[in-house]
Amino acid sequence: MTAEAGQVYIEDLGRHAGATVTVKGWLMNRRSSGKLHFLQVRDGTGVVQAVCFKGNLDAETFRRLDLLPLESSLEVTGLCKAEPRASGGFELDASGVRIHQEAEPYPIGKKEHGTGFLMEHRHLWLRSSRQHAVLRVRARVIKAIRDFLDERGFVCMDSPIFTPSACEGTTTLFPVDYFGETAYLTQSGQLYAEASAMAFGKVYCFGPTFRAEKSKTRRHLTEFWMVEPEVAFLEMDGLLDLIEEFIAYVVAQVLKDRRAELEVLERDISRLERVVRPFPRISYDQAVALLHEKGQAFAWGGDFGAPDETLISEHFDRPVLVHRYPAQVKAFYMKRDPADDRLALCVDVLAPEGYGEIVGGSERASDLAFLLEQIKAHQLPEETFRWYLDLRRYGSVPHAGFGLGVERTTAWICGVPHLRECIPYPRMLEKITP
Ligand code: 4AD
Ligand code: MG
């Protein structure tokens, strides 16, 4: 990591033991006794304690430190010393402190705040150690996603965000005025990813997706990030293998590089360590039977609600792949199961511990006449799908893909119950600020 001259990031202090360094950051906490201030300073990469002896600082600075409000910005110069009892293993013996700005009284204190209050102060809440840990895990999840796909020859082909068509049903579309015509914010980049796969073989799109979810739940955002791999000539069994390998990889990378963050979150790491291949695979029919065994009333043919998904996932110690749902509860583009025409060749992955669906995927219908029929049956405007149907006219092939939601995956890995903590600036029903 690069830094300004003389500046050292807290995460790099280990390489500077015995040297005089400067740390630039914000005051996170302070303890004082007459001749001594202990400052907890954070710089975004970590937290370090600076020990300030009265005799080592000028009198005016020492006096100001006594009253310095939390989140004031400052830089501390001092000797970097190994200190086994300190959180990062080091502390600073301060020889100089420069105060950049004395903060106004900070609204987020040590006392418990309500979620509404914290959400209104999301721009500041991000500084707290728990939010910091969740969002560092999220960033690592995103890097793992890209590394996995890039290393396997997938080409990143981003799909547009303004679209004229609905991919995942017409009830959750956000319309926007596009020079006098109605366009929508994309619900999924999949249809374009299919076109990209016919040009590049293996592709993925990765970006924000939008759904006008009108219900308030822990699992729904109106803006969320989704990665959508799409592969030509991939069929159902290969799709299940790819999804399994992908999820196991992402979890392993987080375990390798973000253990400290998981500890801050008091995540039961042993539960994540169990997330290795193979994952259980059950059909929709078997999932329904499981629900009945557990005494849950559920009629064959419907989609699983959150309580159903929780009951199913609790039965397993790792993500479970539920495949072959009734086509009537799924999107128009899915291929039917040749063994049972009522079923779609699709899969949902349910995360353990009741975190719900993290992946939805399917083999795609490759037959032109069947797709046309489905577009009509779903009452979708044929005109806007003309280009999509071309893919079935010019060299149609079996193909498959899936979408993984970044925030749901992050919530599960972190053990955080609500998605609002798993994206920097959440967008939800009636929530658009900050
Ligand atoms: O199951 P979904 O709707 O699938 C699709 O959009 C397909 N077109 C993907 C594909 O095959 N390329 O959404 C995929 C995933 C879900 O499993 C979930 O993780 C996430 O996207 N997701 C949401 N995350 C947060 N808030 C919401 N409102 C979400 N809706 C879906
Ligand atoms: Mg789904």
Side-chain angles (χ1 to χ4, degrees), residues 138 141 145 149 154 157-159 163 165-174 184-197 203-231 234 236 239-240 242-243 246-247 250 284 303-306 308-309 313 319-323 325-326 329-335 344-351 355-365 388 399-413 416 418-423 426-429 431:
R138 180 181 195 271
V141 165
I145 286 169
L149 295 167
F154 285 68
M157 287 284 294
D158 287 324
S159 295
T163 72
S165 54
C167 179
E168 297 298 326
T170 49
T171 57
T172 61
L173 288 169
F174 274 116
Y184 304 101
L185 298 180
T186 186
Q187 298 168 307
S188 157
Q190 178 197 320
L191 305 183
Y192 295 92
E194 288 182 53
S196 302
V203 301
Y204 65 99
C205 59
F206 194 2
T209 45
F210 305 86
R211 300 203 188 168
E213 305 278 4
K214 293 188 191 76
S215 58
K216 284 188 189 168
T217 83
R218 305 188 282 124
R219 294 180 183 174
H220 290 94
L221 299 167
T222 55
E223 179 178 319
F224 61 96
W225 282 66
M226 179 158 57
V227 61
E228 299 183 83
E230 190 71 32
V231 185
L234 185 69
M236 190 61 181
L239 175 69
L240 302 185
L242 177 66
I243 292 172
F246 182 66
I247 295 173
V250 170
Y284 172 89
D303 203 357
F304 299 129
D308 305 313
E309 288 184 351
S313 71
V320 53
L321 281 63
V322 183
H323 54 83
Y325 285 62
V329 298
K330 291 293 179 185
F332 75 95
Y333 50 70
M334 295 180 179
K335 184 179 164 126
L345 286 180
C346 66
V347 57
D348 278 5
V349 179
L350 309 182
Y355 280 92
E357 178 201 327
I358 53 171
V359 163
S362 68
E363 188 172 336
R364 321 304 188 188
Y388 181 67
H399 62 290
F402 67 91
L404 172 131
V406 167
E407 293 76 22
R408 294 236 188 123
T409 304
T410 303
W412 159 53
I413 292 177
V416 165
H418 203 300
L419 291 200
R420 66 185 161 222
E421 294 183 49
C422 298
I423 186 165
R427 296 289 174 254
M428 298 178 302
L429 185 68
K431 180 75 197 155

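In listed order, ligands and their atoms are each counted from 1.
- Atoms of ligand 1 found under 4.0 Å from any heavy atom of Gly360, numbered from 1 in the order shown, are 1 (O), 9 (C), 10 (C), 11 (O), 17 (O).
- Considering only non-hydrogen protein atoms, atom 9 (C) of ligand 1 sits nearest to Glu228 OE1, 3.3 Å.
- Less than 4.0 angstrom separates some heavy atom of Arg219 from each of these atoms of ligand 1: 25 (C), 26 (N).
- Here the side chains of Phe224 and Arg408 are not in contact, with every heavy-atom distance at 4.5 Å or above.
- Between Pro229 and Phe154, the closest side-chain pair of non-hydrogen atoms falls below 4.5 Å.
- From the protein, the heavy atom lying nearest to atom 19 (O) of ligand 1 is Ile358 O, 2.9 Å.
- At least one heavy atom of Arg408 sits less than 4.0 Å from an atom of ligand 1.
- In this structure, atom 20 (C) of ligand 1 lies nearest to the protein heavy atom Phe224 CE1, 3.7 Å.
- Thr222 places a side-chain heavy atom less than 4.5 Å from the side chain of Phe174.
- Residue, atom and distance of the protein heavy atom nearest to atom 1 (O) of ligand 1 are Glu357 OE2, 2.9 Å.
- By the 30° and 60° cut-offs, the orientation of the rings of Trp225 relative to Phe206 is perpendicular.
- Atoms of ligand 1 lying under 4.0 Å from at least one heavy atom of Leu419, given by number and element, are 25 (C).
- With 3.5 Å as the limit, one finds no donor-acceptor pair spanning the side chains of Tyr333 and Glu194.
- Looking at His418, Glu309, Glu357 one by one, the single match for side-chain hydrogen bond (donor to acceptor under 3.5 Å, both in side chains) with Arg219 turns out to be Glu309.
- Not a single N, O or S atom of Asp348, from either the backbone or the side chain, sits less than 2.8 Å from the Mg ion (ligand 2).
- Considering backbone and side-chain atoms alike, Gln187 places every N or O at 3.5 Å or more from each N or O of ligand 1.
- Close contacts of ligand 1 with Glu213, meaning ligand atoms under 4.0 Å from a residue heavy atom, involve 28 (N).
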Just do the side chain to side chain contact (heavy atoms under 4.5 Å, CB included) check on Glu228 and Ser188 with the steps written out, would you?
CA-CA 8 Å; Glu228 299 183 83; Ser188 157; 2.7 Å; yes

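- Ring centroid separation for the pair Tyr184 and Phe210 does not come in under the 6.0 Å cut-off.
- For the ligand labelled ligand 1, residue Tyr333 lies inside the 4.0 Å heavy-atom shell.
- Among Val227, Val359, Val349, the single residue meeting the side chain to side chain contact (heavy atoms under 4.5 Å, CB included) criterion with Phe246 is Val227.
- In terms of polar-atom proximity, defined here as any N/O pair under 3.5 Å, Gly405 does make such a contact with ligand 1.
- Gln187 and Thr172 form a side-chain donor-acceptor contact under 3.5 Å, judged by distance and modelled atom types alone.
- Of all the listed residues (Met226, Glu363, Lys330, Arg364), Arg364 holds the heavy atom that lies closest to atom 11 (O) of ligand 1.
- The protein non-hydrogen atom at the shortest distance from atom 28 (N) of ligand 1 is Leu221 O, 2.9 Å.
- Counting just the N/O/S atoms of Glu357, the one with the shortest distance to the Mg ion (ligand 2) is named OE2.
- In the candidate list Glu223, Arg211, Met428, Arg211 is nearest to atom 3 (O) of ligand 1, counting heavy atoms.
- In this structure, atom 7 (C) of ligand 1 lies nearest to the protein heavy atom Glu168 OE2, 3.3 Å.
- Ligand 1 has an N or O atom lying under 3.5 Å from an N or O atom of Val359, backbone or side chain.
- No side-chain heavy atom of Met236 sits under 4.5 Å from any side-chain heavy atom of Lys335.
- Between Glu407 and the options Arg218, Arg138, Arg427, a salt bridge (charged side-chain N to carboxylate O under 4.0 Å, His left out) holds for only Arg138.
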